[in-house]
Amino acid sequence: MNLKIYKLIVTLLGLIVLSGSYVQPQTPVFDQLRDKFDQNLVFKAAFEHTYIDSYTEESINSSGLIWIDKAGYKLESEDQLIVVDGETSTVYDGLRNRIIVSEYDAEEDDFAPSRMLSGIDETYTASEKPLDNGSTEITLVTEDDFAVFIQVEIVVDRNLKPVKITAYDIADNIIITSFTNGEFETRDANTFKLEYPEGAEIVDMRF
């Protein structure tokens, strides 16, 4: 999976997870969804991701599994596994059988959810509307010229589980991520553990 793609996925989910003191009295479903993450629960789901280039109209597709909470995230695809625990970033490249470990600083990661959302309470407005199937669509909009996404639409089911996120960036590219078999789980010691084959080369960039 392309690193840009995984960062886009995490950033989109970060709009839900790390919205800070964002207050919208007209968005009770959005508030309840954020409360799930405030309870230190982990959202786990299979995802299908599509990036549509507005200029060429070409699309890039990827799929895999994702785990995300307020502190970190894990992404698993066919040949790559990425784990960020808030302090350390660990990436396993299956094609090279290599692991790269590095210190993680959200302030240096342009796509880190916490960095992306540092001003969401001031620049984004939110609204929500019920859908016929019992789901709710939450829309976030900003006019900030420096925002990565100018509009994000989040669909959650009646159990507050995200099922689809559609985002439009400043270049009019469209990013669509759909989730299946999504569940909120209690985090344990193995949730963000990276498992890899014996004999893998380990490159530790922290030292």
Side-chain angles (χ1 to χ4, degrees), residues 1-18 36-37 40-53 56 58-118 148-149 161-162 164-165 167 169 171 173-207:
M1 188 195 323
N2 183 299
L3 285 182
K4 179 179 179 181
I5 295 298
Y6 100 73
K7 288 181 176 180
L8 284 173
I9 297 168
V10 172
T11 301
L12 289 173
L13 277 172
L15 286 166
I16 302 170
V17 180
L18 296 170
K36 291 278 190 180
F37 292 100
N40 292 320
L41 295 177
V42 178
F43 179 65
K44 174 187 176 182
F47 68 84
E48 294 283 341
H49 183 79
T50 301
Y51 177 91
I52 304 173
D53 188 293
T56 64
E58 294 180 342
S59 62
I60 301 173
N61 301 295
S62 61
S63 61
L65 296 174
I66 187 168
W67 295 254
I68 186 166
D69 70 358
K70 293 194 71 171
Y73 55 86
K74 179 167 69 174
L75 278 159
E76 181 180 318
S77 66
E78 182 177 351
D79 56 13
Q80 197 170 63
L81 181 60
I82 302 159
V83 177
V84 170
D85 62 11
E87 296 180 356
T88 304
S89 170
T90 306
V91 179
Y92 172 68
D93 184 342
L95 296 177
R96 296 179 175 86
N97 197 27
R98 183 175 63 185
I99 299 163
I100 297 178
V101 183
S102 60
E103 290 184 357
Y104 182 78
D105 184 353
E107 293 301 317
E108 296 181 1
D109 183 353
D110 289 339
F111 285 89
S114 56
R115 182 177 176 86
M116 300 302 302
L117 301 173
S118 59
V148 173
F149 303 114
K161 293 182 291 189
K164 184 178 182 181
I165 301 178
D169 69 14
N173 301 309
I174 303 173
I175 302 98
I176 304 169
T177 307
S178 300
F179 303 99
T180 55
N181 301 319
E183 295 291 344
F184 283 98
E185 304 176 344
T186 301
R187 177 173 179 159
D188 60 35
N190 294 318
T191 300
F192 293 99
K193 182 178 179 180
L194 187 147
E195 297 183 357
Y196 52 88
E198 292 186 14
E201 176 189 5
I202 301 176
V203 180
D204 196 330
M205 307 295 290
R206 295 173 297 175
F207 307 104

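Starting from 1, each residue takes its place in the sequence as its number.
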Going by the side-chain hydrogen bond (donor to acceptor under 3.5 Å, both in side chains) test, name the single residue among K74, K44, R187 that passes it with D69.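 Output: one option passes, namely R187.
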Do H49 and T177 get their side chains close enough for a donor-acceptor pair, meaning under 3.5 Å?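 Indeed, the side chains of H49 and T177 share at least one donor-acceptor pair under 3.5 Å.
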Are Y92 and N97 linked by a side-chain donor-acceptor pair shorter than 3.5 Å?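 Yes, because at least one side-chain N or O of Y92 sits under 3.5 Å from a partner of the opposite role on N97.
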Assess the pair F47 and F179: is the distance between their ring centroids shorter than 6.0 Å? no
Answer with yes or no after comparing the ring centroid distance for Y73 and F192 against a 6.0 Å cut-off, counting only values under it. no
Salt bridge (charged side-chain N to carboxylate O under 4.0 Å, His left out) partners for [X], two or more places apart:
X   : value
D93 : R96
K36 : none
R98 : none

So, using side-chain contact (heavy atoms from CB on, under 4.5 Å) as the criterion, who are the partners of T90 when residues are at least two apart?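 With sequence neighbours excluded, T90 shows a side-chain contact (heavy atoms from CB on, under 4.5 Å) to T88, I99, V101, L194, given in chain and number order.
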Surrounding NZ of K161 (heavy atoms of other residues, nucleotides or ligands, distance under 6.0 Å), is the total greater than 12?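 Correct, the count exceeds 12.
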Distance in Å, [X] [atom1] paired with [Y] [atom2], rounded so as to fall on 0.5 Å steps:
X    : Y   : atom1 : atom2 : answer
I68  : F43 : CD1   : CZ    : 9.5 Å
I52  : E58 : CD1   : CD    : 12.0 Å
S63  : E48 : OG    : CD    : 4.5 Å
N173 : D53 : CG    : CG    : 5.0 Å
S89  : I82 : OG    : CD1   : 7.5 Å

Any side-chain heavy-atom pair from L41 and T186 closer than 4.5 angstrom?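 Sidechains of T186 and L41: in contact.
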Is the F184 ring parallel, tilted or perpendicular to the F37 ring (thresholds 30°, 60°)? perpendicular
Across all chains, not counting sequence neighbours, the side chain to side chain donor-acceptor pair (under 3.5 Å) partners of S59 are none
Return yes if some donor-acceptor pair links the side-chain N/O of N190 with the main-chain N/O of K193 below 3.5 Å, else return no.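 Side chain of N190 to backbone of K193: no pair is present.
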Which donor-acceptor pairs under 3.5 Å do the side chains of residues 199-207 make with protein atoms, sequence neighbours left out?
{"unit_1": "D204", "atom_1": "OD1", "unit_2": "R206", "atom_2": "N", "d": "2.9"}
{"unit_1": "D204", "atom_1": "OD1", "unit_2": "R206", "atom_2": "NE", "d": "2.9"}
{"unit_1": "D204", "atom_1": "OD2", "unit_2": "R206", "atom_2": "NE", "d": "3.4"}
{"unit_1": "D204", "atom_1": "OD2", "unit_2": "R206", "atom_2": "NH2", "d": "2.8"}

